[in-house]
Amino acid sequence: MKTAITPTREQDYPEWYQQVIKASDLAERSPVRGCMVIKPWGYALWENITRWLDDRFKAIGVRNAYFPIFIPLSFLESEAKHVEGFAKECAVVTHHRLEKGKGGGLEPAGKLTEPLVVRPTSETIIMDSFKKWISSYRDLPLLINQWANVVRWEMRTRMFLRTSEFLWHEGHTAHATAEDAMDLTMKILDIYEDLAENVLAMPVLKGVKSEAERFPGADDTFAIEAMMQDRKALQAGTSHFLGQNFAKASDIKFQTADELEAYVWTTSWAVSTRLIGGLIMTHGDDDGLVLPPKVAMSQIVLLPISRKPEDYEKIMAYTDGLAEELRKVHYHHRPLSVEIDRRDTGGARGWEWIKKGIPLRVEIGPRDMAADSVFVGRRDKGHKDRVSMKRAEFVDNIGNLLDDIHSNLLNRARDYQKEHTHRMDDKEDFYRFFTPENKEKPEIHGGFVESHWCGNPECETKIKDDLNVTIRCMSVNGETEDGSCICCDAASTRRVVFAKSY
RNA sequence: CGGGGCGUGGCGCAGCCUGGUAGCGCACCUGCUUUGGGAGCAGGGAGUCGCAGGUUCAAAUCCUGCCGCCCCGACCA
């Protein structure tokens with residue numbers, strides 16, 4: 001069968017990913033290494049994510065602020081542990097002027113006395129503000145978020161998943177007690193899970209990271225992990241309980257109600273445009289992108305079929321009327337967004353929208369108009385699997401129809417994750433499971449494996465060195481089970497989730 | 001940053017071995033035909049063949065250097 005995307009996922013997954021981004025018009029490469037231009041169809045996904053999250057953050061009292069993109073070099077010279085993690089990938093501004101050079105080109109001039117670092121993350125500069133803003137327990141909790149771009153000079157980039165510059169939000173909070181900070185950390189993790197499942201239809205595992213995978217400077221890192229269709233794990237969001245580490249590094253103290261001096265407890269949390277990469281790899285198929293309705297720029301495209309000149313006006317009027325009616329419908333608190341594609345390019349027109357992943361395609365021809373009906377194709381079903389329904393029925397049930405697409409996508413992804421999640425207690429099985437047959441160009445293999453781990457970082461490292469498999473997360477429910485470590489056979493009290501990851 | 005592959009109109013590719021001023025499919029524009037479907041015919045626009053040197057009467061093709069992309073690693077909130 002002919003597919004709209006070549007190669008297929010099975011043939012070459014990484015190449016398929018690139019081709020989907022191209023074919024769906026989400027983004028394109030920029031002239032700058034590792035950077036990308038996010039096009040309207042792609043940026044709308046981010047806008048919908050940001051709008052949803054922003055509402056949820058505000059609902060729990062978080063306020064937005066904005067901190068500078070430039071961070072004084074001295075801020076990163078503090079002894080904070082996390083700085084080491086970023087030092088190698090910082091872009092640094094050293095000059096503030098361009099002058100005509102000898103060759104006729106422009107050359108940097110006007111050397112800065114103190115170089116500025118382009119933020120890879122904003123902890124240091126935000127903590128600097130927190131120090132000024134906090135003096136009493138009455139100032140707490142302080143709940144701040146910023147929507148921003150950050151730059152990390154990555155060795156190897158991939159569109160959406162790891163780009164040199166990316167868009168994200170970073171939440172930073174300060175609390176009077178460890179309990180308050182931990183509560184907030186978990187509250188955010190729940191919001192991320194809700195976002196993933198209810199907006200992106202992306203099932204996730206929620207858990208805590210092992211020490212090796214923890215954010216440098218955090219006491220605990222919590223994450224949501226999703227399974228892509230190549231069965232690799234994608235860390236889709238993180239929420240960190242930072243203890244008093246940053247408070248001590250930045251000297252953020254407050255006076256308690258009983259007049260004692262204490263360090264604040266802080267958290268930080270983020271999701272980024274990486275989520276869009278996750279979205280592509282969770283739902284995309286060999287015909288292109290597949291978008292869940294709540295995150296799509298538009299839910300519906302109307303495709304009038306009116307090639308006989310005498311039909312043209314009537315069909316267009318019918319189409320416009322339907323669009324107007326649909327746009328009055330609210331879907332999860334927002335008016336439906338409806339596209340009309342009037343081009344007369346035959347079936348190719350429909351395929352373009354399939355590749356772009358729009359949830360519903362509605363064809364409107366003379367016969368539909370005569371019967372007061374519409375011909376509807378769902379992106380989550382085969383492209384030939386289209387049904388005729390009465391126009392009024394379609395409009396009245398549009399919300400249910402879109403919700404059904406959402407839950408179908410979510411269930412499908414859940415089933416896939418379940419199908420490729422296994423419990424393993426035998427080391428050989430474990431190694432075989434994670435070893436591809438073709439090492440040069442690995443086929444799709446592996447998945448999530450729940451195995452016992454003794455807690456020794458050396459076992460974790462050994463497995464990483466041998467198989468490039470890491471512990472993605474550990475349950476936060478405190479479930480225990482006696483067993484023996486998949487690596488060293490020592491006694492273990494719990495299973496953790498192993499997988500290859502992005 | 002190491003190993004491998006690749007850079008030719010918007011997209012996918014052939015041509016390169018055996019140098020002789022660039023071709024195919026899709027997309028785009030025009031006309032006719034078709035009309036519930038990734039349409040057919042005819043015509044057309046669009047490429048300094050990644051960049052820079054070199055060899056040569058002549059370079060997409062041969063040589064050298066560089067850049068970029070993809071994969072496997074290393075690295076990585």
Side-chain angles (χ1 to χ4, degrees), chain A residues 1-7 12-19 21-23 25 28-36 81-82 84-89 120-121 123 150 152-159 161-164 166 168 170 209 212-218 220-225 234-240 242 268-272 274 287-288 303-312 315 343-355 361 363-371 373-375 377 383-384 386 388 436 438-442 464-465 468 470 500-502:
Chain A
M1 197 165 74
K2 194 177 173 187
T3 58
I5 302 293
T6 42
D12 188 343
Y13 195 84
E15 181 60 20
W16 165 85
Y17 177 75
Q18 305 287 127
Q19 293 304 331
I21 290 170
K22 238 178 236 177
D25 212 29
E28 64 191 27
R29 218 177 296 298
S30 84
V32 181
R33 179 198 178 107
C35 294
M36 61 193 279
K81 236 191 212 160
H82 91 289
E84 289 168 35
F86 293 109
K88 283 169 293 189
E89 49 190 49
T121 177
E123 265 81 7
V150 286
R152 293 176 193 175
W153 216 258
E154 302 284 357
M155 292 282 215
R156 184 177 164 190
T157 59
R158 287 158 173 274
M159 298 266 267
L161 296 174
R162 179 173 287 111
T163 45
S164 296
F166 57 92
W168 77 347
E170 48 181 321
K209 290 288 185 180
E213 297 284 319
R214 192 182 292 159
F215 173 53
D220 265 315
T221 289
F222 300 86
I224 52 170
E225 295 275 335
L234 182 78
Q235 180 172 301
T238 48
S239 186
H240 311 290
L242 303 173
S268 76
W269 21 283
V271 301
S272 72
R274 171 177 249 211
D287 287 328
L303 303 165
I305 299 167
S306 59
R307 297 191 193 149
K308 283 181 186 143
E310 61 269 29
D311 286 339
Y312 187 85
I315 295 281
R343 289 174 305 166
D344 181 18
T345 53
R349 178 180 59 168
W351 278 98
E352 247 178 65
W353 290 101
I354 290 173
K355 285 187 271 191
R361 305 182 307 283
E363 301 175 13
I364 302 159
R367 291 215 289 275
D368 302 303
M369 190 170 66
S373 61
V374 291
F375 199 52
H383 63 267
K384 283 182 197 150
R386 292 170 291 178
S388 183
N438 180 354
K439 289 201 171 156
E440 300 302 312
K441 198 172 179 71
K464 187 178 178 185
D465 290 347
N468 201 22
T470 51
K500 298 197 177 185
S501 74
Y502 275 95

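Labels below follow one simple rule: chain letters A, B, ... track the order of the sequence lines, proteins then strands, and each chain is numbered from 1.
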Could you measure the distance from the CZ atom of A/Arg274 to the CE atom of A/Met159? Nearest 0.5 Å is fine. 15.5 Å
How long is the span from the OG atom in A/Ser388 to the CD atom in A/Glu363, to the nearest 0.5 Å? 10.5 Å
If I pick the [atom1] atom on [M] and the same atom on [N], what distance separates them, to the nearest angstrom?
N: B/C1; M: B/U48; atom1: C1'; value: 34 Å
N: B/C24; M: B/U64; atom1: P; value: 33 Å
N: B/A27; M: B/G47; atom1: C1'; value: 15 Å
N: B/C16; M: B/A22; atom1: P; value: 16 Å
N: B/U18; M: B/A60; atom1: C1'; value: 15 Å
N: B/U8; M: B/C62; atom1: P; value: 16 Å
N: B/A52; M: B/C71; atom1: P; value: 28 Å
N: B/C57; M: B/G43; atom1: C1'; value: 38 Å

Euclidean distance, atom [atom1] of residue [X] to atom [atom2] of [N] [Å, nearest integer]:
X: A/Ile5; N: B/G38; atom1: CD1; atom2: C1'; answer: 13 Å
X: A/Trp351; N: B/G36; atom1: CH2; atom2: P; answer: 18 Å
X: A/Tyr13; N: B/C70; atom1: OH; atom2: C1'; answer: 16 Å
X: A/Lys384; N: B/G36; atom1: NZ; atom2: P; answer: 17 Å
X: A/Glu363; N: B/G36; atom1: CD; atom2: C1'; answer: 7 Å
X: A/Glu154; N: B/C76; atom1: CD; atom2: P; answer: 10 Å
X: A/Met155; N: B/C69; atom1: CE; atom2: C1'; answer: 17 Å
X: A/Glu15; N: B/C11; atom1: CD; atom2: P; answer: 13 Å

With a 4.5 Å cut-off on side-chain heavy atoms, are A/Phe375 and A/Leu303 touching? no
So does [Y] get a backbone contact from the side chain of [X], meaning a donor-acceptor N/O pair under 3.5 Å?
X: A/Tyr502; Y: A/Arg162; result: no
X: A/Arg33; Y: A/Ser164; result: no
X: A/Arg361; Y: A/Ile354; result: no
X: A/Arg214; Y: A/Thr221; result: no

Assess whether one donor atom and one acceptor atom, taken from the side chain of A/Arg162 and the base of B/C76, lie less than 3.5 Å apart. yes
With hydrogens left out and only the distance checked, is there a donor-acceptor pair under 3.5 Å joining A/Asn468's side chain and the base of B/G73? no
Across the strands shown, which category fits [X] at heavy-atom distances under 4.0 angstrom: base, sugar-phosphate, nothing?
X: A/Pro442; result: sugar-phosphate
X: A/Thr121; result: base
X: A/Glu352; result: nothing
X: A/Gly237; result: nothing
X: A/Arg343; result: nothing
X: A/Asp12; result: nothing
X: A/Gly350; result: nothing
X: A/Trp168; result: base
X: A/Arg33; result: sugar-phosphate

Taking only the side-chain heavy atoms of [X] (C-beta and beyond), determine which of [options] contains the nearest atom.
X: A/Asp368; options: B/G38, B/G73, B/G36; result: B/G36
X: A/Pro14; options: B/G38, B/C71, B/C76; result: B/C71
X: A/Lys22; options: B/G12, B/C75, B/C71; result: B/G12

Any side-chain N or O of [X] less than 4.0 Å from the OP1 or OP2 oxygen of [N]?
X: A/Arg156; N: B/C72; value: yes
X: A/Arg29; N: B/C70; value: yes
X: A/Gln19; N: B/G12; value: yes

Once you measure the plane-to-plane angle for A/Trp16 and A/Tyr13, does it fall in the parallel (<30°), tilted (30-60°) or perpendicular (>60°) bin?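 It falls in the tilted class, 30° to 60°.
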State plainly whether the residues A/Glu225 and A/Lys209 are in salt-bridge range, i.e. N to O under 4.0 Å. yes
RNA chain B: A/Tyr502 or A/Arg158, which has the more 5' nearest nucleotide? A/Arg158
Take A/Lys500 and A/Glu123, find for each the nucleotide of RNA chain B with the closest heavy atom, and name the residue whose nucleotide sits nearer the 5' end.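 First, find each residue's nearest nucleotide; the 5'-ward one identifies A/Lys500.
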Nucleotide paired to [N] in any strand shown, Watson-Crick or G-U, under 3.5 Å:
N: B/A58; answer: none
N: B/C41; answer: B/G31
N: B/G68; answer: B/C6
N: B/G47; answer: none
N: B/G36; answer: none
N: B/C24; answer: B/G12
N: B/C1; answer: B/G73

